[in-house]
Amino acid sequence: MQIDAAVVREEGGAFEIESVDLEEPQADEVLVRVVGAGVCHTDMIVRDQMYPTPLPAVLGHEGSGVVEQVGADVTGVEPGDRVVMSFDFDHTCTSCRDGHPAYCEDFFAYNFGGSRPKDGTSPLSKEGDEISGRFFGQSSFATYAIATERNVVPVDDDVPLELLGPLGCGIQTGAGGVINTLDPQAGSSIAVFGAGSVGLSAVMAAGIKSCTEIVSVDLKSNRLEKAADLGATHTVNPEEVDDVVEHVQEITGGGVDYALETTGVPQVAEQAVESLAHRGTLGVIGAPALGTEASYDVNNLILLGRTITGIVEGDSDPQQFIPDLIELYRQGKFPFDELVTYYDFEDIEQAVEDSESGDTIKPVLRMSEP
């Protein structure tokens with residue numbers, strides 16, 4: 001079938017909407033009419049080839065939509081189901097079997113490879129030339145997407161479908177980084193470095209976990225204002241203080257129990273670990289280019305009992321965690337809709353520009369009617 005899709009054809013190139021061909025779903029696949037698709041930092045770092053998904057490619061990995069067709073082996077969803085599309089995984093490795101699919105041993109192949117891992121094909125092409133697809137098991141910058149039974153999550157119809165796409169990656173990453181990985185105790189303190197959609201989701205999650213000191217650090221005043229609205233007890237603009245680490249330590253009486261780094265900037269990760277109290281834990285979420293290194297004073301880890309842990313997708317099992325986040329939203333405890341600004345699909349380049357400038361926290365593309 002012919003669909004409209006935003007294709008990136010060269011490193012750093014534009015997202016250009018083109019008519020492309022999409023194959024029928026294979027036995028374990030699902031055809032989804034895309035209703036909404038979040039724009040995420042990961043889309044931009046792949047566009048810029050900091051992660052080497054082959055180009056040309058259709059990106060997009062925070063899709064929501066309606067199931068139109070299912071393959072012969074699919075039993076978990078059926079045509080007409082409303083779904084959120086999340087990351088893909090093999091479902092057979094040790095991490096997947098242990099309930100941690102975000103750490104799938106073949107995560108890169110299933111999400112960044114640009115093809116079906118089992119046979120190396122892509123469902124997308126144009127005039128016979130293959131285009132990388134199945135990005136994060138979906139490639140949702142398109143009017144239709146091929147996903148799998150593994151990475152589609154059925155959702156109820158009492159929440160706007162176009163809103164839910166960002167739960168598939170950025171929102172669940174920030175919230176899960178706090179709720180699932182750091183798991184702070186009530187009354188503890190946390191500093192979140194970066195106040196984009198991931199960082200602000202973490203701020204809201206810290207409130208859900210009853211942290212009493214929640215510090216948001218960012219260079220953008222509009223994002224810090226939003227952080228305060230969403231539960232941050234303190235905000236810090238690094239351009240307005242002499243030393244970020246000293247300022248955070250002063251605010252919290254010696255350092256935070258937990259920190260979350262969401263920017264992907266090595267120097268910020270170094271500041272984040274130094275902001276920790278004794279026996280504090282830093283979760284690193286931000287994704288820089290492959291091969292990027294950060295430096296730490298080893299003795300400041302050993303002697304102070306600090307811990308650093310990497311976090312992928314909030315260590316979430318999307319089939320369980322996304323419905324949990326939706327229920328928290330229903331109860332008014334997780335108002336992630338306040339992060340969202342909607343754009344028409346044809347305005348994708350403006351959405352990307354506004355995201356990169358920080359003017360918009362979470363752009364969501366409206367692809368079709370729910």
Side-chain angles (χ1 to χ4, degrees), residues 170-220 223-238 241 243-265 267-287 294 296 300-301 304-316 321 324-325 328 333-336 338-339 361:
I171 304 297
Q172 80 169 346
T173 295
V178 174
I179 294 171
N180 299 328
T181 303
L182 296 182
D183 190 21
Q185 300 301 300
S188 59
S189 58
I190 185 171
V192 180
F193 288 77
S197 61
V198 175
L200 291 175
S201 297
V203 165
M204 290 187 283
I208 291 169
K209 295 293 288 185
S210 298
C211 293
T212 51
E213 291 176 298
I214 304 171
V215 183
S216 177
V217 183
D218 199 273
L219 294 169
K220 289 282 188 177
R223 295 187 172 198
L224 293 176
E225 290 170 3
K226 179 59 70 174
D229 291 342
L230 294 174
T233 59
H234 303 82
T235 60
V236 178
N237 187 327
V241 299
D243 187 295
V244 172
V245 172
E246 289 182 1
H247 194 71
V248 171
Q249 290 176 337
E250 181 180 347
I251 288 173
T252 56
V256 288
D257 301 309
Y258 303 92
L260 202 65
E261 200 294 302
T262 73
T263 71
V265 178
Q267 294 83 357
V268 176
E270 293 166 3
Q271 291 175 335
V273 73
E274 291 301 322
S275 73
L276 293 171
H278 288 224
R279 298 186 297 114
T281 299
L282 166 65
V284 179
I285 288 177
Y296 303 101
N300 279 349
L301 296 180
L304 302 183
R306 290 167 169 165
T307 301
I308 302 173
T309 185
I311 302 173
V312 176
E313 294 288 352
D315 192 12
S316 303
F321 196 56
D324 288 347
L325 292 179
L328 288 167
K333 298 176 181 178
F334 190 69
F336 70 96
E338 295 190 25
L339 310 181
I361 295 171

Take L260 and V178, measure what side chain to side chain contact (heavy atoms under 4.5 Å, CB included) needs, and give me the verdict at the end.
-> CA-CA 8 Å; L260 202 65; V178 174; 4.1 Å; yes

Output, in order, the C-alpha distance, side-chain angles, deciding distance and verdict of side chain to side chain contact (heavy atoms under 4.5 Å, CB included) for L339 and L230.
-> CA-CA 10 Å; L339 310 181; L230 294 174; 3.6 Å; yes

Begin with the C-alpha distance, continue with both residues' side-chain angles, and end with the deciding distance and a verdict on side chain to side chain contact (heavy atoms under 4.5 Å, CB included) for T263 and E261.
-> CA-CA 6 Å; T263 71; E261 200 294 302; 2.4 Å; yes

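Residues satisfying the side chain to side chain contact (heavy atoms under 4.5 Å, CB included) test with T181, not counting sequence neighbours, are T309, I311, D315. By the side chain to side chain donor-acceptor pair (under 3.5 Å) test, N300 pairs with E274, sequence neighbours left out. In terms of the side chain to side chain contact (heavy atoms under 4.5 Å, CB included) criterion, residue partners of V312 (sequence neighbours excluded) are, by chain and number, A102, Y103, F107. Applying the side chain to side chain contact (heavy atoms under 4.5 Å, CB included) rule to A287 yields the partners I45, Y51; only residues at least two apart in sequence or on another chain are considered. Partners of Q172 according to the side chain to side chain donor-acceptor pair (under 3.5 Å) rule, which considers only residues two or more places apart in sequence or in another chain, are S86, E313. With sequence neighbours excluded, no residue forms a side chain to side chain donor-acceptor pair (under 3.5 Å) with S275. Considering only residues two or more places apart in sequence or on other chains, A228 meets the side chain to side chain contact (heavy atoms under 4.5 Å, CB included) condition with T235. Take F334 and apply the ring-ring contact (aromatic ring centres under 6.0 Å, His included) test, not counting sequence neighbours, and it matches F336. Take E338 and apply the salt bridge (charged side-chain N to carboxylate O under 4.0 Å, His left out) test, not counting sequence neighbours, and it matches K226.
Between R306 and L282 there is no side-chain heavy-atom pair separated by less than 4.5 Å. No side-chain heavy atom of D257 sits less than 4.5 Å from a side-chain heavy atom of P184. In this structure, V236 and L224 have side chains that are not in contact, with every pair of non-hydrogen atoms separated by 4.5 Å or more. Looking at V273 and I308, their side chains come closer than 4.5 Å, going by heavy atoms from C-beta outward.
Of the inter-residue distances, the one linking D218 atom CG with E225 atom CD reads 11.5 Å to the nearest 0.5 angstrom. The OH atom of Y258 lies 5.0 Å from the OG atom of S188; values are rounded to the nearest 0.5 Å.
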Donor-acceptor pairs under 3.5 Å, side chain of residues 190-217 to any protein atom, not counting sequence neighbours: which ones?
from, atom 1, to, atom 2, distance (Å)
S201, OG, S197, O, 2.7
K209, NZ, D183, OD1, 2.6
T212, OG1, G187, O, 3.0

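The minimum heavy-atom distance linking L219 with P238 is given by the pair CD2-CD, 3.8 Å.
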